[in-house]
Structure formats: C-alpha cells, structure tokens
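As structure tokens, the structure follows; a few thoughts come after it.
Quick caveat: nothing in here was measured; it's all calculated off a predicted structure. What's counted below: heavy atoms across the whole structure, side chains too, no hydrogens, waters or symmetry copies.
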Amino acid sequence: MKKLGIAFAVTLLLILIGGGVYFVLTMEEEAPLPATSASEAQTQPELNVRRQAKNYAEMLDSLDYEILQNRDTVAWLKVPGTEINNSVVQSYDNAYYLRRNERRQYDVYGCYFLDYECMIGSREDLSRNTIVYGHEDVSDDPNSKRFSQLYKFLDPAFARATPTIQFCTQQDPMDWQVFAVFYTNISFNYIAVDVDDEEFAEIITTARQKSIYDYDVEVGVEDKILTLSTCTVKYGDHEHRFVVMAKLMDEEADLPQFAEFTERDENR
C-alpha cells in the first residue's frame with residue numbers, strides 16, 4: 001500500500017508539472033500582439049485583404065505584402081480593364097494550387113499560378129515562355145471570376161483598348177504587348193518552357209495562326225513571351241483552352257495606347 005501511495009503521488013506530481021508547462025506554452029502562443037497607435041493601425045494592412053494596384057510602385061508594395069502572407073508568391077499580374085490584378089504564386093508542381101487560393105486555402109477558383117518549370121526574377125532571369133494558369137467559371141463568362149475575364153479579349157473594342165499586360169516581379173517592372181488571342185486543342189504544346197529556337201519559333205507562329213486577331217506586333221526567337229492560359233467550354237470537352245499571349249517589351253519602349261490588328265472571324 002505504501003508503494004502504491006508513493007506511485008500515485010509521483011504520477012500526480014508529473015501531471016501537475018505537465019499541465020503547468022502546457023499552460024505556459026499555450027499562453028505564449030495565444031499572447032496578444034503589442035498594442036499599436038492609431039496612426040500605426042491605419043497604415044497596417046488587414047490580413048487576408050487583397051490590395052489592388054494601379055502602378056508598379058503599388059504593385060511592388062502589394063507584392064511585398066503578399067509575400068509575407070505566402071512565401072510561394074513570385075509576381076504580380078495585372079490585365080487593364082479587368083479584375084485580374086493580383087499576386088501570382090508558384091509551387092513544386094502544377095497541381096498544388098489548382099483548388100487553393102493565395103493563402104493556401106481551398107477555393108474552387110484557385111488562384112493565378114506560374115508553371116513550376118518557369119524561371120522567375122528579373123527580365124534576364126525569366127524563361128523564354130512564362131506561363132500563368134488560372135480557372136474560369138465553366139461558362140466562358142467574361143464578367144465572372146479569375147481568368148474568366150480573359151474572355152473580354154473576344155470583344156474587339158476591348159482588345160484594341162488593351163494592348164499591354166503587366167507582369168512584374170520584385171526585381172523588375174515589366175510590360176508585355178499582346179500578340180495573340182486564341183482557342184486551341186491541348187495537342188498544341190504552347191506551354192513548353194525549355195525549348196530551342198526551332199520549337200520556340202513554332203510556338204509563336206502557331207499561336208499567331210490560331211489568333212482571332214492578326215496583331216501588328218513583331219515577335220521572334222530573341223523575344224520572351226507571357227502565356228495566360230485557362231479552360232473553355234466552347235467545344236464541350238476538357239481538351240481545349242483559351243490563351244492570351246504577349247511579348248516582353250524593352251524597358252525604354254513607349255507603351256502603345258491601343259492595339260492595331262485585323263479580325264479573323266474564322267478563328268472564333
């Protein structure tokens with residue numbers, strides 16, 4: 001009986017000590033953040049609020065903020081005249097962000113994500129073909145969410161008013177001139193990243209042939225291109241995509257005010 005009493009006392013002591021340690025750790029984890037002044041509170045961004053950007057300075061500021069929320073954040077994408085004005089993430093494969101948003105939370109619309117094979121950084125660091133994927137709403141509605149808004153390019157007036165796209169990194173502000181808008185079967189490997197001159201030239205040529213607009217934009221193997229890709233229900237299958245392509249503009253180039261092209265109704 002004496003031994004049982006000692007064992008019970010030791011057990012009770014261990015429980016009390018363990019409970020005390022757990023209480024201390026819990027208090028440390030749940031301790032409130034230091035109080036901030038009214039002026040500091042006004043300048044601090046709210047968690048989980050996406051901040052729209054009007055220019056590169058605001059893009060950089062928003063990009064820095066998004067990186068703090070998710071270290072997978074690599075760039076900022078803005079398509080003028082649309083709601084596409086948000087961060088771009090990149091993971092170790094092209095499946096992780098299919099149904100996750102910028103905060104890694106489940107979201108049927110996912111987010112904008114860079115192909116996992118693409119190099120990112122300054123304009124010199126970029127892959128020849130920088131590919132960004134995004135979902136649409138399975139109705140090709142240009143007024144719906146995410147890359148559904150790419151379908152605005154089907155409107156010639158919108159396409160003429162939107163000659164450029166902004167895809168920026170922390171290292172570089174970058175403007176891209178649109179040169180192709182097209183539907184394609186996935187048999188066309190337009191999402192190839194590491195390609196030689198011949199393969200790259202074929203991607204550019206095929207994209208321009210498929211484009212619903214014949215843009216007056218010169219593009220060659222010495223250029224780098226941005227590829228925005230989403231699904232489409234136009235053909236009633238899972239084998240087709242809707243794509244917008246643009247070429248990287250020189251840093252000193254003047255931005256065009258509108259796009260010059262002729263329409264190709266046979267490609268619609």
inquiry  = side chain to side chain donor-acceptor pair (under 3.5 Å), that's the test. Do S139 and D137 meet it? Break it down for me.
reply    = CA-CA 5 Å; S139 72; D137 71 343; 2.7 Å; yes
key: Full working for side-chain contact (heavy atoms from CB on, under 4.5 Å) between H135 and R99   = CA-CA 9 Å; H135 287 300; R99 299 300 176 189; 3.5 Å; yes
message = Is there a side-chain contact (heavy atoms from CB on, under 4.5 Å) between E102 and Q69? Walk through the geometry before answering.
response = CA-CA 8 Å; E102 295 86 350; Q69 313 310 311; over 6 Å; no
task = Using the side-chain contact (heavy atoms from CB on, under 4.5 Å) rule, take V217 and F261 through it: C-alpha gap first, then chi angles, then the decisive distance, then the call.
result = CA-CA 9 Å; V217 178; F261 56 71; over 6 Å; no
Trace of the ring-ring contact (aromatic ring centres under 6.0 Å, His included) decision for F147 with Y112 = CA-CA 8 Å; F147 268 178; Y112 307 124; 4.9 Å; yes
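K247 and E222 are not joined by a salt bridge, as no carboxylate oxygen comes within less than 4.0 angstrom of a charged side-chain nitrogen.
Looking at heavy atoms from C-beta onward, M249 lies in side-chain contact with L255 at the 4.5 angstrom threshold. The closest side-chain heavy-atom distance from V79 to L228 is below 4.5 Å. In this structure, the side chains of W176 and Q166 stay at 4.5 Å or more apart for every pair of heavy atoms. Looking at V178 and Y215, their side chains come closer than 4.5 Å, going by heavy atoms from C-beta outward. Side-chain contact check for R241 versus I191: every heavy-atom pair is 4.5 Å or farther apart. Using a 4.5 Å heavy-atom cutoff, the side chains of L226 and M245 are not in contact. Annotation: side chain of C111 is in contact with side chain of V89 (closest heavy-atom distance under 4.5 Å). Using a 4.5 Å heavy-atom cutoff, the side chains of T82 and T162 are not in contact.
Hydrophobic cluster membership is shared by V219 and F200, with clusters built from Ile, Leu, Val, Met, Phe, Trp and Tyr side chains linked at under 4.5 angstrom. Taken together through direct or relayed side-chain contacts under 4.5 Å among Ile, Leu, Val, Met, Phe, Trp and Tyr, V233 and V181 form parts of separate hydrophobic clusters. Both Y92 and Y97 sit in one connected hydrophobic cluster of ILVMFWY residues. Membership requires side-chain heavy atoms under 4.5 Å apart, directly or through other members. Each of L60 and V74 belongs to its own hydrophobic cluster when Ile, Leu, Val, Met, Phe, Trp and Tyr are linked at side-chain heavy-atom distances under 4.5 angstrom. Tracing side-chain contacts under 4.5 Å through hydrophobic residues (I, L, V, M, F, W, Y), one reaches F188 starting from I225; they form part of the same cluster.
Summarising the geometry of N94 relative to F113, their closest heavy-atom pair is O-CE1, 3.6 Å, with the distance given to 0.1 Å. Contact detail for Y109 and S144: the closest heavy-atom pair is OH-OG, 4.0 Å. Minimum heavy-atom separation, V243 to S229: CG2-OG, 4.4 Å. Looking at every heavy atom in both residues, C168 comes nearest to P173 through SG-CA, 3.9 Å. Between T169 and L63, the closest heavy-atom pair is C-CD2, 3.7 Å. Pairing each heavy atom of P163 with each of P256, the nearest pair is CG-O, 3.3 Å.
D172 places no side-chain N or O within 3.5 Å of a backbone atom of M174 that could act as its donor or acceptor partner. With hydrogens and angles ignored, the 3.5 Å screen pairs a side-chain donor or acceptor of Q90 with a backbone N or O of C118. The backbone N or O of N70 sits less than 3.5 Å from a side-chain atom of T73, completing a donor-acceptor pair. A donor-acceptor pair is defined here as one N or O able to donate and one able to accept, closer than 3.5 Å; such a pair exists between the side chain of E58 and the backbone of K54. Remark: side-chain polar atoms of D93 are paired, donor with acceptor, to backbone N or O of Y96 under 3.5 angstrom.
N86 contributes atom CG, which lies 9.0 Å from atom OG of S62 (distance to the nearest 0.5 angstrom). To the nearest 0.5 Å, atoms OG (S87) and CG (L77) are separated by 9.5 Å. Note: I204 CD1 to E218 CD = 12.0 Å, rounded to the nearest 0.5 Å.
At most 12 non-hydrogen atoms from other residues, nucleotides or ligands lie less than 6.0 angstrom from CZ of F258. Shown here is K224, whose NZ atom has more than 12 heavy atoms of other residues, nucleotides or ligands within 6.0 Å. In the displayed structure, Y56 atom OH is contacted under 6.0 Å by more than 12 heavy atoms of other residues, nucleotides or ligands. Heavy-atom neighbours of E202 CD from other residues, nucleotides or ligands within 6.0 Å: at or below the threshold of 12.
Under the side chain to side chain donor-acceptor pair (under 3.5 Å) criterion, the residue pairs touching residues 250-268 are Y213-R268, with sequence neighbours excluded. Sorted by first and then second residue, the salt bridge (charged side-chain N to carboxylate O under 4.0 Å, His left out) pairs with a member in residues 69-91 read D72-R104; sequence neighbours excluded.
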Table please: side-chain donor-acceptor pairs of residues 150-161 below 3.5 Å, with sequence neighbours left out.
from	atom 1	to	atom 2	distance (Å)
Y151	OH	D140	OD1	3.3
Y151	OH	C231	O	2.7
Y151	OH	T232	OG1	3.3
K152	NZ	N143	OD1	3.2
D155	OD1	A157	N	3.1

Compile the donor-acceptor pairs under 3.5 Å between side chains in residues 126-134 and protein atoms, sequence neighbours left out, one pair per line.
from	atom 1	to	atom 2	distance (Å)
S127	OG	M119	N	2.7
R128	NH1	V195	O	3.1
R128	NH1	D196	O	3.2
R128	NH1	D197	OD1	3.1
R128	NH2	D197	OD1	2.2
R128	NH2	V221	O	3.4
N129	OD1	T227	OG1	2.7
N129	ND2	Y190	O	2.8
N129	ND2	A192	O	3.1
Y133	OH	D115	OD2	2.6

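With sequence neighbours excluded, no residue forms a ring pair (Phe, Tyr, Trp, His ring centres under 6.0 Å) with F167. Under the ring pair (Phe, Tyr, Trp, His ring centres under 6.0 Å) criterion, F182 pairs with no residue, sequence neighbours left out.
Aromatic rings from H240 and Y235 are positioned such that their centres are separated by under 6.0 Å. The ring of Y183 has its center closer than 6.0 angstrom to the ring center of F242.
A donor and an acceptor atom, one from each side chain of D125 and S122, are located under 3.5 Å apart.
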